[in-house]
Amino acid sequence: MRIRALQEADRTRRSNVAQRSILRIGLDELQQALVADWRLTLLLAQTSQDPQAARAARGPSPLGSRLARHTAGGWENAAVPDDLGVIASFLNLSPSAVLKLMVEIDAD
């Protein structure tokens, strides 16, 4: 709740920065450490080491959810360009084309 409060107070604050300020570690790093410490499967370890690849492997639904969460307060969230970049890679479009498409969908 404290991480969310930090981000709501400053919409430009990235998740990882908020996590580090409260937890002193990013959640991706924590996940990697737990995977290694608990000796989880190789596939899980590999996907957790590259969160962007893991997101892409899961397909578009998490990407859409992530973009929706980041744009809930408006399009100026600092994470939006990263989301658009990942979606652009997935769709084989430019980030600007994805932004145009998303804004058009949002307007409907």
Exercise. Are Ile22 and Val17 grouped together when hydrophobic residues (ILVMFWY) are joined by side-chain heavy atoms under 4.5 angstrom apart?
Worked result: no
Problem set entry | Flag side-chain contact, heavy atom, 4.5 Å: Thr71 against Asn77 | no
Seminar exercise, completed: One should read off an interatomic distance between Leu99 CG and Glu104 CD, to the nearest 0.5 angstrom, of 10.0 Å
Seminar exercise, completed: Gly85 and Pro95 have their tightest heavy-atom pair at CA-CG, 4.4 Å
Problem set entry | Smallest separation among heavy atoms of Leu67 and Asp83, with atom names | CA-OD2, 3.6 Å
Seminar exercise, completed: Between the CZ atom in Arg14 and the NE2 atom in His70, the distance rounded to the nearest 0.5 Å is 6.5 Å
Exercise. Out of curiosity, Leu23 CG to Leu30 CG, how far, rounded to the nearest 0.5 Å?
Worked result: 8.0 Å
For this session: Name all residues meeting the side-chain hydrogen bond (donor to acceptor under 3.5 Å, both in side chains) criterion together with Ser15; count only those two or more places apart in sequence or in a different chain, and write none if there are none.
Result: Gln7
Seminar exercise, completed: When rounded to the nearest 0.5 Å, the distance separating CG of Asn16 from CD1 of Ile25 is 9.5 Å
Seminar exercise, completed: What one should report as the nearest heavy-atom pair of Leu84 and Met102 is CD2-CG, 4.2 Å
Exercise. What's the shortest heavy-atom distance between Thr12 and Ala78, and which atoms?
Worked result: O-CB, 3.2 Å
Exercise. Is the number of heavy atoms from other residues, nucleotides or ligands within 6.0 Å of CZ (Arg4) greater than 12?
Worked result: no
Exercise. Of the non-hydrogen atoms in Arg13 and Ala18, which two are nearest, and what is the gap between them?
Worked result: CD-CB, 3.7 Å
Exercise. For the hydrophobic clusters of this structure (ILVMFWY residues joined by side-chain heavy atoms under 4.5 Å, transitively), does one cluster hold both Leu93 and Val80?
Worked result: yes
